[in-house]
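Remarks on the structure that follows.
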Amino acid sequence: MTGLAFLIPIALGMGLVGLAAFFWAMRNGQYEDMDGAANRILIDEEDEEA
């Protein structure tokens, strides 16, 4: 039972850190261009150089 007294606050703290990191990423524009990387994979670089 005393193990839960340590594990529950640690789990809640880790969840809050993860939530804060997610909101930081949203604020800094990490999720603005979701299709850009997917489209860049399909571009053939040999055609652009020739």
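Bear in mind the structure is a predicted one, so any value in this text is a computation, not a measurement.
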Side chain to side chain contact (heavy atoms under 4.5 Å, CB included) with [X]: which residues, sequence neighbours excluded?
{"X": "A11", "value": "none"}
{"X": "L7", "value": "none"}
{"X": "I10", "value": "M14"}

Could you work out the complete set of other residues in the hydrophobic cluster of L16, with links drawn between I, L, V, M, F, W and Y side chains under 4.5 Å apart?
none
Members sharing L4's hydrophobic cluster (side chains within less than 4.5 Å)
M1, I8, L12
Distance-only donor-acceptor pairs under 3.5 Å for side chains of residues 32-41, two or more places apart:
residue	atom	partner	partner atom	Å
D33	OD1	G36	N	3.1
N39	ND2	D35	O	3.3

